[in-house]
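Order of the sequence lines fixes the chain letters, A, B, ..., with proteins taken first and strands second; residue numbering starts at 1 for each chain.
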Protein chains: 2
Amino acid sequence: MELTEYHLVEKSICPVARTAQILGGKWTILIIRDLAAGVKRFNQLERSLQGISPKTLSERLRSLEEEGIVIRQTFAEAPPRVEYLLTEKGCDLVSVIDSMRAYGKQWLCNK
Amino acid sequence: MELTEYHLVEKSICPVARTAQILGGKWTILIIRDLAAGVKRFNQLERSLQGISPKTLSERLRSLEEEGIVIRQTFAEAPPRVEYLLTEKGCDLVSVIDSMRAYGKQWLCNK
DNA sequence: CGGGATCCCACCCGATACTG
DNA sequence: CAGTATCGGGTGGGATCCCG
């Protein structure tokens, strides 16, 4: 990955902004939430995240791997098998997700 | 604001995603964080959020107002004065911000 | 002081097709 | 199964200039 000036600047900002930056994007938190429930394979994620395209899922998983939030385990079998799971750094995001869910339930979804 | 199909669909998703949607964007949480510290004027925000353009600040404040998270108070004076403050819905976001800060401090900024 | 108007670019994301 | 390649759109954000 090429490091632009944008990245260099952004890496040095405050904790709140950095966390938001990682969680930004339409699918990221949903992926983490699903993986928090247990190890999952690519197609399992693709099904549970209804509507995501394989390209986007692949991109998100890859950047989460670079961030050290998910681990990608490959098994040399036929058919090929790849499993995704959260690191400790990833599991700790659950508390953030929980507070977002609590807020969303109270203020955004009245059901 | 024109409601595209995109918006209609997005409004109905889960609490976690809805919260993330509101907090997404580079500056939104930082604005809320600053307003959580007290009422602020446009230029005060522009200074404390170093690097934000007036256009972006204006856009973000306006959409936060539409979401019912901030209140815009205008005073008919010379020079004109406008103050921004959080609603109760906005104040409740502080707990989310706090958990994001805690995570960021532990995993993203080692200082 | 508190913005709006305009132009432009980087990114994220979706749809579709294809592959080892 | 687990992706990659390609194309293209919409949105957020920045730069600059302007206004009541």
Side-chain angles (χ1 to χ4, degrees), chain A residues 1-10 13 17 20-31 35 39-67 70-85, chain B residues 1-10 13 17 20-31 35 39-67 70-85:
Chain A
M1 184 176 96
E2 189 195 357
L3 280 185
T4 64
E5 186 185 354
Y6 176 78
H7 288 95
L8 296 176
V9 169
E10 296 306 301
I13 51 185
Q21 193 179 310
I22 289 183
L23 263 38
K26 183 173 173 182
W27 297 103
T28 313
I29 336 169
L30 302 176
I31 294 173
L35 289 182
V39 176
K40 284 202 166 55
R41 301 174 60 172
F42 191 88
N43 272 8
Q44 284 183 291
L45 285 169
E46 199 173 356
R47 275 189 298 271
S48 65
L49 302 164
Q50 275 204 348
I52 195 173
S53 71
K55 176 200 160 193
T56 301
L57 178 55
S58 174
E59 281 176 357
R60 292 300 98 208
L61 285 170
R62 205 160 287 277
S63 75
L64 286 173
E65 197 187 351
E66 282 176 12
E67 287 280 1
V70 313
I71 294 174
R72 181 186 133 107
Q73 271 180 340
T74 64
F75 300 87
E77 304 172 352
R81 183 159 62 104
V82 179
E83 289 181 349
Y84 295 92
L85 56 131
Chain B
M1 183 176 95
E2 189 194 357
L3 280 185
T4 65
E5 188 185 354
Y6 175 80
H7 289 96
L8 295 176
V9 169
E10 296 305 303
I13 51 183
Q21 195 178 308
I22 290 184
L23 263 37
K26 183 172 170 181
W27 296 103
T28 312
I29 337 168
L30 301 177
I31 293 173
L35 289 181
V39 177
K40 284 201 165 55
R41 302 173 61 171
F42 191 89
N43 272 8
Q44 284 182 292
L45 285 170
E46 200 173 356
R47 276 190 297 272
S48 66
L49 302 164
Q50 275 205 347
I52 194 173
S53 70
K55 174 202 162 194
T56 301
L57 179 55
S58 174
E59 280 175 0
R60 292 300 98 209
L61 285 170
R62 204 160 288 275
S63 75
L64 286 174
E65 197 188 350
E66 284 176 13
E67 287 280 2
V70 312
I71 294 174
R72 182 187 133 106
Q73 271 181 339
T74 63
F75 300 86
E77 305 174 351
R81 183 159 62 104
V82 180
E83 289 181 349
Y84 295 92
L85 56 134

Enquirer: Side-chain N or O of B/S58 versus OP1/OP2 of C/dG3: is the shortest distance under 4.0 Å?
Expert: no
Enquirer: Taking the side chain of A/R62 as its heavy atoms from C-beta onward, which of D/dG3, C/dG3, D/dG13 lies nearest to it?
Expert: D/dG3
Enquirer: For B/Q21 and D/dT11, what is the distance between atoms CD and P respectively, to the nearest whole Å?
Expert: 12 Å
Enquirer: Would you say the side chain of A/F75 lies within less than 4.5 Å of the side chain of A/E83, judging by non-hydrogen atoms?
Expert: yes
Enquirer: Can you tell me if A/W27 touches the phosphate of C/dC12, counting only side-chain N or O atoms and a distance under 4.0 Å to OP1 or OP2?
Expert: no
Enquirer: Using a cut-off of strictly less than 4.0 Å, decide whether A/T56 has a side-chain nitrogen or oxygen near OP1 or OP2 of C/dG14.
Expert: yes
Enquirer: Side-chain N or O of B/K26 versus OP1/OP2 of C/dC11: is the shortest distance under 4.0 Å?
Expert: no
Enquirer: Side chains of A/L61 and A/L45, heavy atoms from C-beta outward: is any pair under 4.5 Å?
Expert: yes
Enquirer: Determine: side-chain N/O of A/Y84 to OP1/OP2 of D/dG3, distance under 4.0 Å, yes or no.
Expert: yes
Enquirer: Taking the side chain of A/R60 as its heavy atoms from C-beta onward, which of C/dT6, C/dC12, D/dT6 lies nearest to it?
Expert: C/dC12
Enquirer: Please state how far atom CG in A/L57 lies from atom P in D/dC1, giving the value in whole angstrom units.
Expert: 14 Å
Enquirer: Please work out if A/F75 contacts a base, only the sugar-phosphate, or nothing of the nucleic acid, heavy-atom cut-off 4.0 Å.
Expert: nothing
Enquirer: Out of D/dG14, D/dG20, C/dG3, which nucleotide sits closest to the side chain of B/P80?
Expert: D/dG20
Enquirer: Taking atom types as they are modelled, would you say the side chain of B/K55 forms a donor-acceptor pair with the base of C/dG4 within the 3.5 Å cutoff?
Expert: no
Enquirer: Considering only side-chain heavy atoms of A/P79, which listed nucleotide, D/dA15, C/dG14, D/dC1, is closest?
Expert: D/dC1
Enquirer: Rounded to the nearest angstrom, tell me the gap between atom CG in B/N43 and atom P in C/dG2.
Expert: 5 Å
Enquirer: I'd like to know whether CD of B/Q50 has more than 12 heavy-atom contacts from other residues, nucleotides or ligands below 6.0 angstrom.
Expert: no
Enquirer: Counting heavy atoms from C-beta on, name the nucleotide in D/dA2, C/dG2, C/dA15 closest to the side chain of B/V82.
Expert: C/dG2
Enquirer: Figure out the CZ/C1' separation between B/R41 and C/dG3, and round it to whole Å.
Expert: 13 Å
Enquirer: Is any side-chain N of the basic residue among B/K55 and B/E59 closer than 4.0 Å to the acidic one's carboxylate O?
Expert: yes
Enquirer: Closest nucleotide of DNA chain D for A/Q44 versus for B/G51: which of these residues is on the 5' side?
Expert: A/Q44
Enquirer: Calculate the interatomic distance between B/E77 atom CD and C/dG3 atom C1'; express it in whole Å.
Expert: 17 Å
Enquirer: What's the CD-P distance between A/E59 and D/dA2, to the nearest Å?
Expert: 18 Å
Enquirer: Let me know the distance between CD1 of B/I52 and P of C/dG2, rounded to the nearest Å.
Expert: 14 Å
Enquirer: Taking the side chain as every heavy atom from C-beta outward, state whether A/Y84 and A/L35 have any atom pair closer than 4.5 Å.
Expert: yes
Enquirer: C/dG2 C1' sits how many Å from B/L49 CG, rounded?
Expert: 15 Å
Enquirer: How many angstroms lie between CG in A/L30 and CG in A/L49, if you round to the nearest 0.5 Å?
Expert: 6.0 Å
Enquirer: Side chain of A/R81 only, please: which of D/dT4, D/dA2, D/dG13 is the nearest?
Expert: D/dA2
